[in-house]
Number of protein chains: 2
Amino acid sequence: MYVERWNEAASAGGTGACPVRHVLDKIGDKWSMLLVMTLASGAKRFNQLHREMPDISQKMLTQTLRDLQRDGLVARKVFDTKPPSVEYRLTPLGQSLIVPFGHLIEWANQSMPRINAARSHFDGAGAR
Amino acid sequence: MYVERWNEAASAGGTGACPVRHVLDKIGDKWSMLLVMTLASGAKRFNQLHREMPDISQKMLTQTLRDLQRDGLVARKVFDTKPPSVEYRLTPLGQSLIVPFGHLIEWANQSMPRINAARSHFDGAGAR
DNA sequence: CGGAATCCTTGGGGATACTG
DNA sequence: CAGTATCCCCAAGGATTCCG
């Protein structure tokens with residue numbers, strides 16, 4: 001199978017070597033994946049992003065953007081206009097992340113009915 | 001593109017309708033994805049799982065297993081032996097999750113060099 | 001407009017001890 | 001063996017205020 005040394009970090013003692021954990025540290029947080037998917041439809045400015053993601057705080061928006069920029073997934077471009085304007089867009093690397101994300105979203109859309117059914121059944125059986 | 005109504009929850013006011021957030025709530029936590037991938041190689045018993053994931057607490061192992069069972073991703077089977085034995089295995093639904101996870105892991109493995117390079121460059125430029 | 005800085009709260013989750 | 005029950009902490013992240 002395609003999953004081989006994925007858990008090596010557990011025995012190695014470090015978390016940096018494990019790709020699964022590394023990926024979880026990136027997309028596992030509340031906002032990174034949302035942000036990438038929001039930028040998937042095109043470059044956006046700061047407040048424009050904030051308007052499209054109303055429930056993220058400016059702090060987390062700033063922080064998540066900087067993290068993504070740090071990892072080379074997002075590019076930041078400053079326009080020296082009268083009211084300063086900053087544009088964020090996905091780098092090619094960031095765009096490549098849309099594909100596996102898409103698979104996950106597709107899985108979620110297809111599986112949610114079965115998950116909800118299982119959950120109802122589980123809760124119904126356990127509650128009484 | 002395949003991503004259409006993914007952000008509807010933001011405008012709808014609820015988080016339950018958004019597939020992205022729903023999936024994040026599942027795999028976003030520290031352990032679910034690790035657990036699914038650990039079970040991908042076959043059914044395991046409780047302490048066997050714990051041994052393969054040394055850095056999870058038994059509390060979180062129990063909790064994560066119950067959540068996955070609740071969602072119909074993991075099946076729990078109790079053997080009424082002298083020392084009680086419980087076996088966990090992925091359901092077909094759980095197994096179907098291995099595929100999109102695999103894509104993500106593959107992406108991580110392929111992209112990590114570029115990410116690390118970007119990070120080094122970013123940190124190097126920002127530190128001074 | 002695009003942030004940075006500060007304060008404050010919540011709950012995720014670890015450690016430990018006990019049970020059937 | 002396979003959990004359950006408690007206690008406790010700390011850091012993720014929200015709200016608010018200030019700045020160039």
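Atoms considered below: every heavy atom in the structure, side chains included; atoms not considered: hydrogens, waters and symmetry mates. Just so it is clear: chains get the letters A, B, ... in the order the sequence lines come, proteins before strands, and each one is counted from 1.
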Sequence neighbours excluded, every pair satisfying side chain to side chain donor-acceptor pair (under 3.5 Å) that has a member inside residues 80-94 of chain B: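 Every pair satisfying side chain to side chain donor-acceptor pair (under 3.5 Å) with a residue in residues 80-94 of chain B: B/Arg76-B/Tyr88.
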What is the minimum heavy-atom distance between B/Val36 and B/Gly94, and which atoms define it?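 In this case the closest contact between B/Val36 and B/Gly94 is CG1-O, 4.3 Å.
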Which nucleotide in the list [options] gets nearest to the side chain of [X]?
{"X": "A/Asn47", "options": "C/dG3, C/dC1, C/dG14", "result": "C/dC1"}
{"X": "B/Val86", "options": "C/dC1, D/dG14, D/dA2", "result": "D/dA2"}
{"X": "B/Pro83", "options": "D/dG3, D/dC1, C/dG13", "result": "D/dC1"}
{"X": "A/Thr62", "options": "D/dG3, C/dA4, D/dC1", "result": "C/dA4"}
{"X": "B/Met60", "options": "C/dG14, D/dC1, D/dG14", "result": "C/dG14"}

Could you state the atom-to-atom distance from CE of B/Met53 to P of C/dG13 in whole Å?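 The distance from CE of B/Met53 to P of C/dG13 comes to 12 Å, rounded to the nearest Å.
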Would you mind reading off the distance between A/Asp80 atom CG and D/dG20 atom C1', rounded to a whole angstrom?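 Spelled out: CG on A/Asp80 to C1' on D/dG20 is 12 Å.
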Can you list everything that forms a side-chain hydrogen bond (donor to acceptor under 3.5 Å, both in side chains) with [X]? Sequence neighbours excluded, please.
{"X": "B/Trp31", "result": "none"}
{"X": "A/Thr64", "result": "none"}
{"X": "B/Ser41", "result": "B/Lys44"}
{"X": "A/Lys26", "result": "A/Asp71"}

Nucleic acid footprint by protein, nucleotides 15-20 of chain C - heavy-atom cut-off 4.0 Å, B for base, S for sugar-phosphate alone: BBB--B
Results of side-chain contact (heavy atoms from CB on, under 4.5 Å) for A/Leu61 - residues two or more places apart only: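 Counting only residues at least two positions away or on another chain, A/Leu61 forms a side-chain contact (heavy atoms from CB on, under 4.5 Å) with A/Leu35, A/Phe46, A/Leu49, A/His50, A/Ile56, A/Leu65.
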Can you sort out the partners of B/Leu24 under side-chain contact (heavy atoms from CB on, under 4.5 Å), two or more places apart, ordered by chain and number?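 Counting only residues at least two positions away or on another chain, B/Leu24 forms a side-chain contact (heavy atoms from CB on, under 4.5 Å) with A/Met33, A/Leu34, B/Val20.
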Measuring to OP1 and OP2 of C/dA4, would you say a side-chain N or O of A/Arg66 lies under 4.0 angstrom away?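 Yes, A/Arg66 has a side-chain N/O under 4.0 Å of OP1/OP2 on C/dA4.
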Taking only side-chain nitrogens and oxygens of B/Tyr88, does any of them come within less than 4.0 Å of OP1 or OP2 of D/dG3?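 The answer is yes; a side-chain N or O of B/Tyr88 sits under 4.0 Å from OP1 or OP2.
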Roughly what angle, to 10°, lies between the helix axis at the start of the helix from C/dC1-D/dG20 to C/dG20-D/dC1 and the one at its end, five pairs per end?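 End-to-end axis angle: 50°.
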